[in-house]
Amino acid sequence: MSIKSGYFKQNLHIDLTKGTAERRTTADAFLEKYIGGRGFGAKLVWDNLKKHDFKIDPLGPQNLLVVAPGPLTGVYLPSSGKNSFVAISPATGLYGDSSMGGGFGIELRQTGIDVLSVIGKAPELSVLFIDNGETKILPMPELKGKSCLEAEGMIKERLGTHTVHVATIGVGGENMVKFACVNTDWSRNAGRAGMGAIMGAKNLKAIVVRGHMDLPIYDVAGLIAEAEQAFKYMEEHKYFKLWQQEGLMNVIDYANEKGILPAYNFKDSVFARHDQINGTTMVNRYKIGDSACFSCPMCCGNICLVKSGKYTGTVAEGPEYETCAMLGPNLGIDNFAAILSATRLCDELGIDTISTGNIVGATIEGYEKGILSLSDLDGREIAWGDEDAILELIQKIAHRQGIGDILADGSHRIIENWPEMDKIVLQVKGLEQSAYDSRASISMGLAYATSDIGAHHTRAWTIAKEMEEGQNWTNDEKVETVIYHQKVRPLFDMLGVCRLPWIELGLSERHYANFYKYVTGNEASLEELLELSNDIYDLTRLINARLGMSRKDDTLPYKVWANPPLTGPNAGKVIGREDFQKLLSLYYQKRGWDENGIPPAEVEKKFSD
């Protein structure tokens, strides 16, 4: 294997404390081994942790923030608009990363770099501007308290141009809400693991990029031919038009039918009024346009407008499934206009919709059960479906007002403050759970439990396969499927592409090995690329082990063991603790880790370069 093209071989390293920018040459061996995106980030974060003897405050200046597209980002092939943010997460205190779509990663590459790394803290609120070969750190204290959208507009006005891409934080990031996100292109977010809080802690309001460089490609003709095959396959798929029409909102009906849709803080897994907030309702009453990331024919973004009622005039991109489920049925809301309003509010404040919906739902249930008092809630009652109280609480979280100051620190602090909330908050390792109920799918439970960033569905989404296979699916097959997902999904992030053409339309993984070959000239097979991706999963496991994580942390929320769904096809179902522990041991065995989930010493040697 050898790299012939596809990279600029440049890492732009920023020290905000010193106010310096340094372009560092990246060796071919590093490019081959770590590929890009999440791979670059994990290795650079590992190296930085070693420098500090694995003692880093996630919100301190020593925490390295890595922003990394991949070699396929911005290239003519399906859905190539992805870019990763990587650091030690303030939400979990462990490894964290989050993927962002839109155009930011492409523009970052066109400045002539493959990866951006940021250390330190600026003396005042600032903007990092990478303008082709020139880098500036611009103090902009006037951006304090501005929403993501307003800040982006002010930055473009200050720079006197709209030909830039901006990744910015809102007031949630400034206030270091531990699930703050990074926003670009209106509503594309690096949403999970608190990347926005890290930027806020660094006094970094935004990263602005403008680039004009052509992306290096080894075999343009081969790439175009392969891409045309992939586009043709997608366009002929029976669900392609549905994806263009509804995007991820088509999952609402599926999740409700299968009994995996969160309702009332996962007290139930079906929602009686799901048809009032599903994709059909969105299309018929609210949708006014489509949006897409770079080179994506699926166009899964929906531009929606509220045309009547108390939320008239609210316009937002989205929601997609996770946002709609967590801010809708999970909170007892059956008003799509209210969900749109909450979506827009979270985008403006710069906070993750999954964690926000999860924490607000836990707050409602905690009050309902008497764990939280009216005094705890600052004298403002809250209940299922109470749209006004819910929107007010979201504001209080982002601004750290009253109870919002505790909720803004996420699951760990909530449980620390009110220990009984441990039975109500759904989280793994401190990251709040995604919108798929795992009580009917032990493989999905295993995926949440062993995810390196916490309970997030994008690490391995096996729930559909298990429901399809039912009792015929052996433990070996369940574990192997989870591990395969944990191999292939990091590879998409490393390459800088979206997983949806593969997981939703069945586009073969082998296309991506061919794309990589045509872009880089590296003849690595799919199997070899998957092993490199698997190495990154080993590396993030090592990072977490060095930070104190072990088998005890590969667990599931209390509700998954003890509180079955009340109605629907999975009523009465929970995951048995003993069954789960057997599956976890088998998972460790197949991964080659010890019984405590720690990779062997020879694995660590792989990353000593």
Side-chain angles (χ1 to χ4, degrees), residues 5-8 31 35-41 67-85 97-116 165 167 184-185 188-190 209 211 213-235 237 240 243-244 247 290-301 458 488-522 524 526 529 533:
S5 187
Y7 298 93
F8 293 101
L31 304 174
I35 300 176
R38 195 201 300 190
F40 284 178
V67 185
L72 303 189
T73 302
V75 173
Y76 177 69
L77 53 91
S79 314
S80 60
K82 286 291 188 175
N83 176 72
S84 292
F85 284 71
D97 69 49
S98 192
S99 178
M100 171 194 281
F104 179 83
I106 298 110
E107 195 85 19
L108 179 63
R109 288 197 72 202
Q110 289 180 308
T111 67
I113 63 173
D114 303 305
V115 57
L116 168 68
H165 274 87
T184 192
D185 291 355
R188 304 292 172 171
N189 292 282
V209 290
M213 296 188 68
D214 289 337
L215 301 181
I217 295 172
Y218 179 71
D219 182 349
V220 174
L223 174 67
I224 291 174
E226 189 77 27
E228 291 293 341
Q229 289 180 33
F231 282 124
K232 185 173 186 294
Y233 167 85
M234 292 171 65
E235 289 163 5
H237 194 280
F240 179 70
W243 274 93
Q244 286 190 324
D290 295 302
S291 68
C293 293
F294 180 84
S295 192
C296 184
M298 292 175 75
C299 302
C300 72
T458 63
V488 71
R489 284 169 171 252
L491 182 58
F492 291 129
D493 288 342
M494 294 161 77
L495 293 171
V497 297
C498 181
R499 70 189 183 281
L500 288 183
W502 166 72
I503 192 67
E504 301 297 349
L505 300 183
L507 184 65
S508 172
E509 302 95 307
R510 300 206 172 271
H511 281 295
Y512 295 94
N514 290 336
F515 294 147
Y516 177 73
K517 175 182 68 175
Y518 292 129
V519 169
T520 68
N522 187 330
L526 173 63
L529 292 175
S533 177

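- The CG atom of L529 lies 10.5 Å from the CZ atom of R510; values are rounded to the nearest 0.5 Å.
- In summary, the aromatic rings of F231 and Y76 are positioned with their centroids under 6.0 Å apart.
- Side-chain atoms of S99 and R489 include no donor-acceptor pair closer than 3.5 Å.
- In this structure, SG on C498 lies 11.0 Å from CG on L507, to the nearest 0.5 angstrom.
- Here the closest non-hydrogen pair linking G74 and L215 is O-CD1, 3.5 Å.
- We find the CG-CG distance between L72 and L223 to be 8.5 Å, quoted to the nearest 0.5 Å.
- Each of I35, L116, V115 was compared with F40 under the side chain to side chain contact (heavy atoms under 4.5 Å, CB included) criterion, and only V115 meets it.
- Between the CE atom of M298 and the SG atom of C293 there is a distance of 11.0 Å, given to the nearest 0.5 Å.
- Sparse packing is recorded around OH of Y218, with 12 or fewer heavy atoms of other residues, nucleotides or ligands lying under 6.0 Å away.
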Note to self: With side chain to side chain contact (heavy atoms under 4.5 Å, CB included) as the criterion, how do M234 and W243 come out once you've worked through the C-alpha distance, each side chain's angles and the decisive distance to 0.1 Å?
What the structure shows: CA-CA 11 Å; M234 292 171 65; W243 274 93; over 6 Å; no
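- Nearest heavy-atom pair across P71 and G36 is CD-CA, 4.3 Å.
- Here the closest heavy-atom approach between residue T73 and residue K82 is recorded as OG1-O, 2.9 Å.
- Under a 3.5 Å cut-off, the side chain of D493 and the backbone N or O of G37 do not form any donor-acceptor pair.
- Judged purely by atom type and a 3.5 angstrom limit, Q244 uses its side chain to pair as donor or acceptor with the backbone of P297.
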Checklist line | Residue pair D185, F104: steps toward the side chain to side chain contact (heavy atoms under 4.5 Å, CB included) verdict | finding: CA-CA 8 Å; D185 291 355; F104 179 83; 5.8 Å; no
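- Note that the NE2 atom of H165 and the CG atom of L108 stand 11.5 Å from one another [nearest 0.5 Å].
- Between Y512 and F492, the two ring planes are perpendicular [angle over 60°; tilted spans 30° to 60°].
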Item checked: Evaluation steps, side chain to side chain contact (heavy atoms under 4.5 Å, CB included), between Y7 and T520 -> CA-CA 8 Å; Y7 298 93; T520 68; 3.9 Å; yes
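- The heavy-atom pair separating H237 from L505 by the smallest distance is CD2-O, 3.0 Å.
- Nearest heavy-atom pair across R188 and S291 is NH2-OG, 3.3 Å.
- Rounded to the nearest 0.5 Å, atoms CD1 (I224) and CG (L77) are 11.0 Å apart.
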Margin query: Apply side chain to side chain contact (heavy atoms under 4.5 Å, CB included) to residues V75 and R109 and explain how you reach the verdict.
Written below: CA-CA 11 Å; V75 173; R109 288 197 72 202; 4.1 Å; yes
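- Of all heavy-atom pairs between S79 and P501, the closest is OG-CG, 3.3 Å.
- Ring planes of F515 and H511: parallel class, angle under 30° (limits at 30 and 60°).
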